[in-house]
Asker: 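The structure follows.
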Amino acid sequence: MSLNTQVGTLKLQTPLLLASGYITETPEFFLRAQPYGCSGMITRSLKQHVPAERARVPAPRYAVFDQKSILACEWGNEKPWTDWKKHGVNQVKRTGCPIVISISGRDLDSCCNLIQSFDELGVDAYEINISCPHSGVLHGNLNIDTVHLRQVMQTVRKVTGTPIWIKLSYSNLLISMAKQAEELGANAIVCTNSIGPGMLIDTKTAKPKLGIKGGGGGVAGKAIFPIALWCVHQLSETLSIPVVGCGGIYTADDVIQMLMAGASAVQLYTAPALKGPKVFKRIMVDLQRFLTENPEYASVKDLIGFTLGKASDHKFSSPRPVVIEEKCTGCGTCVHSCAFDALSMIRRADRSPLAVIADNCISCNACVGVCPPKFGAIKASF
Ligand SMILES: Cc1cc2nc3c(=O)[nH]c(=O)nc-3n(C[C@H](O)[C@H](O)[C@H](O)COP(=O)(O)O)c2cc1C
């Protein structure tokens, strides 16, 4: 069973990469994740000069919510970019895995200088970050700035032959930005960066949970997975260059969905940041199990784009969901949640009550998702 994939010419042993952020300020976290199946890393978005007012956002810079998602307004570089040049790049290279240098795409001269400097070391790709949602609020939203994107691509494409990945975040202009990047010579699109800005308020103090001016941060982690997946699917339907999926990936099932939506590889940030590097091990075990149990997919590459072209059939038939009698415990969750009064409980002799679905069911299928997963007693019938 082959687990390898590639993003353009960049070969990867597995589809899993460590995304750019605080945990990629140095190679250490990647070096712990690599034995578990993480096949490459993207550095923190590097800046050549960090102006004093941007060195560090006032704390708090993170707010974890629902245990699997983060609101964050981090953007400084804790370590000088030269650390990567002196030893970081080589530490990653010694593992045999690729290293992608992420560069903050705001200052064009700095982009060029960094690229020229890292090209001497032979890095594998550059990821240009023009999609930080919280810095955008304060300093201009590059994620929807087509003029800036043109300037970035025209500038950096001239100075290097190394692959250039453009990292975008969800927006109304996502597809047109991505197409423009492709036309101007980008080798891949990475999507999505954290999405936002979003906000959380501490109700004890009535203050925003983040210390940044305005209180807005980027939303990352489980909360954004469906949006990220939609972005990847739309981009893959539209572009000829590879798409690298990112956003809310925690499980092998999430990875498989991203691949089926068209991603050539995926990046993870919040899951390893919150749960540790062993997240990669769990995903790899489950991914291999999926491929063994579904022999129609001989390899990871077979999964890529499997859903493309399949989202256009609009099915008008909507059969009612079905209650699996032996699994229903009569807990009543579905009855309480049905907005159409289409579910009720009937008594059963010597057994718990059973949910039944009436004729006024409109086949919304909400009850399928509402039934606690440990019971799984209602299934969709299409
Ligand atoms: C604390 C934090 C810092 C981040 N820093 C960067 C960064 O420096 N450059 C970048 O391109 N993306 C950065 N990101 C975005 C992640 O790389 C990733 O695109 C985003 O979090 C969505 O993936 P996830 O849901 O797996 O976290 C950061 C995210 C978080 C939560």
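Start at 1 and go down the list; that is how both ligands and their atoms are numbered. Below, each value reflects all heavy atoms present in this structure, side chains not excepted, and no hydrogens, waters or symmetry copies.
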Asker: With a 4.0 Å cut-off on N to O distance, would you call Asp359 and Arg320 a salt bridge?
Answerer: yes

Asker: Between Tyr170 and Cys231, what is the shortest heavy-atom contact and its length?
Answerer: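 Taking Tyr170 first and Cys231 second, the nearest heavy atoms are CD1-SG, 3.6 Å.
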
Asker: List the closest protein heavy-atom neighbour of atom 15 (C) of ligand 1: residue, atom name, distance to the nearest 0.1 Å.
Answerer: Asn193 OD1, 3.2 Å

Asker: Quick check on side chain to side chain contact (heavy atoms under 4.5 Å, CB included): which of Asn143, Leu168, Ile144 does Leu173 satisfy it with?
Answerer: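 Among Asn143, Leu168, Ile144, the one meeting side chain to side chain contact (heavy atoms under 4.5 Å, CB included) with Leu173 is Ile144.
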
Asker: Answer yes or no: is there an ion pair linking Glu120 with Lys85, defined by an N-O contact shorter than 4.0 Å?
Answerer: yes

Asker: Do the non-hydrogen side-chain atoms of Leu303 and Leu291 ever get within less than 4.5 Å of each other?
Answerer: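 Contact flag for Leu303/Leu291 side chains = yes.
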
Asker: Do any N/O atoms on Gly221 end up under 3.5 angstrom from N/O atoms on ligand 1?
Answerer: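 N/O-N/O distance below 3.5 Å exists for this pair.
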
Asker: At under 4.0 Å between heavy atoms, which part of Lys167 makes contact with ligand 1: side chain, backbone, both or neither?
Answerer: side chain

Asker: Measure the distance from atom 13 (C) of ligand 1 to every protein heavy atom, then report the residue, atom name and distance (to 0.1 Å) of the closest one.
Answerer: Ser20 O, 3.1 Å

Asker: Would you say the rings of Phe118 and Trp84 are close, in the sense that their centroids are separated by under 6.0 Å?
Answerer: no

Asker: Between ligand 1 and Ala271, can you find any atom pair, the residue atom being a heavy atom, that is separated by under 4.0 Å?
Answerer: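 Contact check Ala271 vs ligand 1: negative.
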
Asker: Could you tell me the residue and atom name of the protein heavy atom closest to atom 27 (O) of ligand 1, and the distance to it rounded to 0.1 Å?
Answerer: Thr270 OG1, 2.5 Å

Asker: Among all protein heavy atoms, pick out the one at the shortest distance from atom 2 (C) of ligand 1; state its residue, atom name and that distance to 0.1 Å.
Answerer: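 The closest heavy atom on the protein side is Tyr269 CE2, 3.7 Å.
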
Asker: Where do Ile378 and Val322 land on the side chain to side chain contact (heavy atoms under 4.5 Å, CB included) test, with the steps shown first?
Answerer: CA-CA 6 Å; Ile378 310 183; Val322 174; over 6 Å; no

Asker: Answer with side chain, backbone, both or neither: which part of Asn129 has a heavy atom less than 4.0 angstrom from an atom of ligand 1?
Answerer: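 Within the 4.0 Å criterion, Asn129 contacts ligand 1 through side-chain atoms alone.
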
Asker: Tell me: protein heavy atom nearest atom 23 (O) of ligand 1, and distance?
Answerer: Cys246 SG, 3.3 Å

Asker: Compare all side-chain heavy atoms of Gln116 with those of Asp119 and state whether any distance is below 4.5 angstrom.
Answerer: no

Asker: Could you check atom 21 (O) of ligand 1 against the protein and tell me its nearest heavy-atom contact, residue, atom and distance included?
Answerer: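 Atom 21 (O) of ligand 1 sits closest to the protein heavy atom Ala220 CB, 3.2 Å.
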
Asker: Can you check whether Thr292 reaches Met1 side chain to side chain, under 4.5 Å on heavy atoms?
Answerer: yes

Asker: Is the contact between Thr192 and ligand 1 made by the side chain, the backbone, both, or neither, using heavy atoms and a 4.0 Å cut-off?
Answerer: backbone

Asker: If only side-chain N and O atoms count, and only distance matters, is there a donor-acceptor pair under 3.5 Å linking Glu127 with Gln267?
Answerer: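 There is such a pair (donor and acceptor under 3.5 Å, judged by atom type) between the side chains of Gln267 and Glu127.
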
Asker: For atom 1 (C) of ligand 1, find the nearest protein heavy atom and state the residue, atom name and distance (0.1 Å precision).
Answerer: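 Here the nearest protein heavy atom works out to Tyr62 CE2, 3.1 Å.
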
Asker: Any atom of ligand 1 sitting under 4.0 Å from a heavy atom of Phe225?
Answerer: no

Asker: Which is it for Ala72 and ligand 1 at heavy atoms under 4.0 Å: side chain, backbone, both or neither?
Answerer: side chain

Asker: Identify, for atom 5 (N) of ligand 1, the protein heavy atom at the shortest distance, and state residue, atom and that distance.
Answerer: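 Of the protein heavy atoms, Gly21 CA, 3.2 Å lies nearest.
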
Asker: Would you mind running through ligand 1 and noting each atom that sits below 4.0 Å from a heavy atom of Ala19?
Answerer: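 Those of ligand 1 that fall under 4.0 Å from Ala19 are 17 (O).
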
Asker: Please identify which atoms of ligand 1 are closer than 4.0 Å to at least one heavy atom of Gly248.
Answerer: 24 (P), 25 (O), 26 (O)

Asker: Report yes or no: does a heavy atom of Val190 sit under 4.0 Å from some atom of ligand 1?
Answerer: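 Distance cut 4.0 Å: Val190 fails for ligand 1.
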
Asker: Compute the centroid of each ring, for Tyr297 and then for Phe306, and state whether the two points are separated by less than 6.0 Å.
Answerer: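 Ring-ring flag for Tyr297/Phe306: true, centres closer than 6.0 Å.
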
